[in-house]
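This report concerns only the one structure given below.
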Amino acid sequence: MHKTIGKLAATDPAARAPDGTLDLPHRLRRNRRADWTRRLVRETTLTVDDLIWPIFLIDGEKRREPVPSMPGVERFSIDEAARAVTEAAALGVPAIALFPFTDPDLRDPDGSEALNDQNLVCRALRLLKREVPEIGLITDVALDPYTSHGHDGLLDGERILNDATVATLVRQALTQAEAGADVIAPSDMMDGRVGAIRSALDDAGKADVQIMSYAAKYASAFYGPFRDAIGTKKALVGDKKTYQMDPANGDEAEREAELDVAEGADMLMVKPGMPYLDVLRRLKDRFRMPTYAYQVSGEYAMITAAGQNGWLDHDAAMMESLVCFKRAGADGVLTYFAVEAARRLKQP
Ligand SMILES: NCc1[nH]cc(CCC(=O)O)c1CC(=O)O
Ligand SMILES: [Mg+2]
């Protein structure tokens, strides 16, 4: 019998046997002593079903163009995208998210290319729906790939116009749904856009199209490489702090999510990922919604660059980061590592 049950054994001198053995009733290391028991007590698992792969699109044919600040990530012309997405689907990745690099000549202050049903995203949607029907297609709703000033909304001088932007986003969402988007993902952070998009989709006979809301999207420095990838970094005038959230705020994330749930969001997202795991946990616990984390471009760049320098073990850091999203409450992760991670998960 342990003399010390209920006490802190190690601080009780009586608990120490003459040979120095601690008289411990609880030894948490017992469950960790071999691989089989570690597997048996594991609380969360990452599977390929948890992975959403964001990809970048460019115009042209047979083109794959590296993104310098995201080593290993390429922009695809849509024929190449079909090839890459076919491979992702074969690995079991359930969904992809599409982001266009728009020709600067097609960008204007109103982002009108967003409403063109022949734009890069719409053409990719139609091709991918035909060639890879088994994968889910998620599209980003926001104007930044299409505006000459790089903002997600319409500007009046330096002011982002909320309600006028929402009207345009609704039309962008309908254009994407018409072209074959399965999930509309508004990333713009305008107030009221989820409700407006939901009712417009329903009125258009698109009640089956889901909405994944970027409910808590922060004004983050970690989006830098993404803005390189879609070519908005040089264009962007000022910053996005009047619509994206202050990284210092957590309660406000709950209010953002609460409104999006009330407006009809099917899924919630927190973005960025790793520095915001507390926000993820709060939203999951409070709303019990399907909740996703976006491991953004800057997070990808950090892990990849440190791996390339030999400063950390790339694959181990990648897999650890992904399982930690699950532990923090994510139902899935948007990650540029999706295909690499899926390949690793396939290994015996
Ligand atoms: N609406 C734009 C958008 N959608 C996804 C990302 C960032 C994704 C990433 O960094 O990987 C951004 C960038 C931004 O808000 O400036
Ligand atoms: Mg909101």
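Note that the structure is predicted; figures quoted are calculated from it, not measured. Ligands are counted one by one from 1 in listed order, and the atoms in each one are counted from 1 as well.
Remark: ligand 1 atoms within the under-4.0 Å shell around heavy atoms of Lys271 are 3 (C), 4 (N), 5 (C), 6 (C), 7 (C), 8 (C), 12 (C). Near Asp152, meaning under 4.0 Å from one of its heavy atoms, ligand 1 places the atoms 1 (N), 2 (C). Heavy-atom contacts of Lys240 reach the following atoms of ligand 1: 14 (C), 15 (O), 16 (O) (cutoff under 4.0 Å). Every atom of ligand 1 is numbered from 1 in the order shown, and the set under 4.0 Å from a heavy atom of Ala142 is 1 (N).
Residues Tyr292 and Phe325 keep their aromatic ring centres 6.0 Å or farther apart.
Ring pair Phe337/Tyr300 is tilted by interplanar angle, where 30° to 60° counts as tilted. Ring geometry for Phe99 versus Phe226: interplanar angle over 60°, hence perpendicular rather than tilted (30 to 60°). The aromatic rings of Phe76 and Trp53 sit perpendicular, their planes meeting at an angle over 60°, well past the 30° parallel limit.
Nearest N/O/S atom of Glu256 with respect to the Mg ion (ligand 2) is recorded as OE1.
The proximity of Tyr294 to ligand 1, defined as any non-hydrogen pair under 4.0 Å, is limited to the side chain. Of all the heavy atoms of Val296, the ones lying under 4.0 Å from any atom of ligand 1 are found in both the backbone and the side chain. Neither the backbone nor the side chain of Asp188 has any atom closer than 4.0 Å to an atom of ligand 1 (non-hydrogen atoms only).
The shortest contact between atom 2 (C) of ligand 1 and any protein heavy atom is with Asp144 OD2, 2.9 Å. With respect to atom 3 (C) of ligand 1, the closest heavy atom belonging to the protein is Lys217 NZ, 3.2 Å.
For atom 9 (C) of ligand 1, the nearest non-hydrogen atom from the set Phe226, Phe222, Phe99 comes from Phe226.
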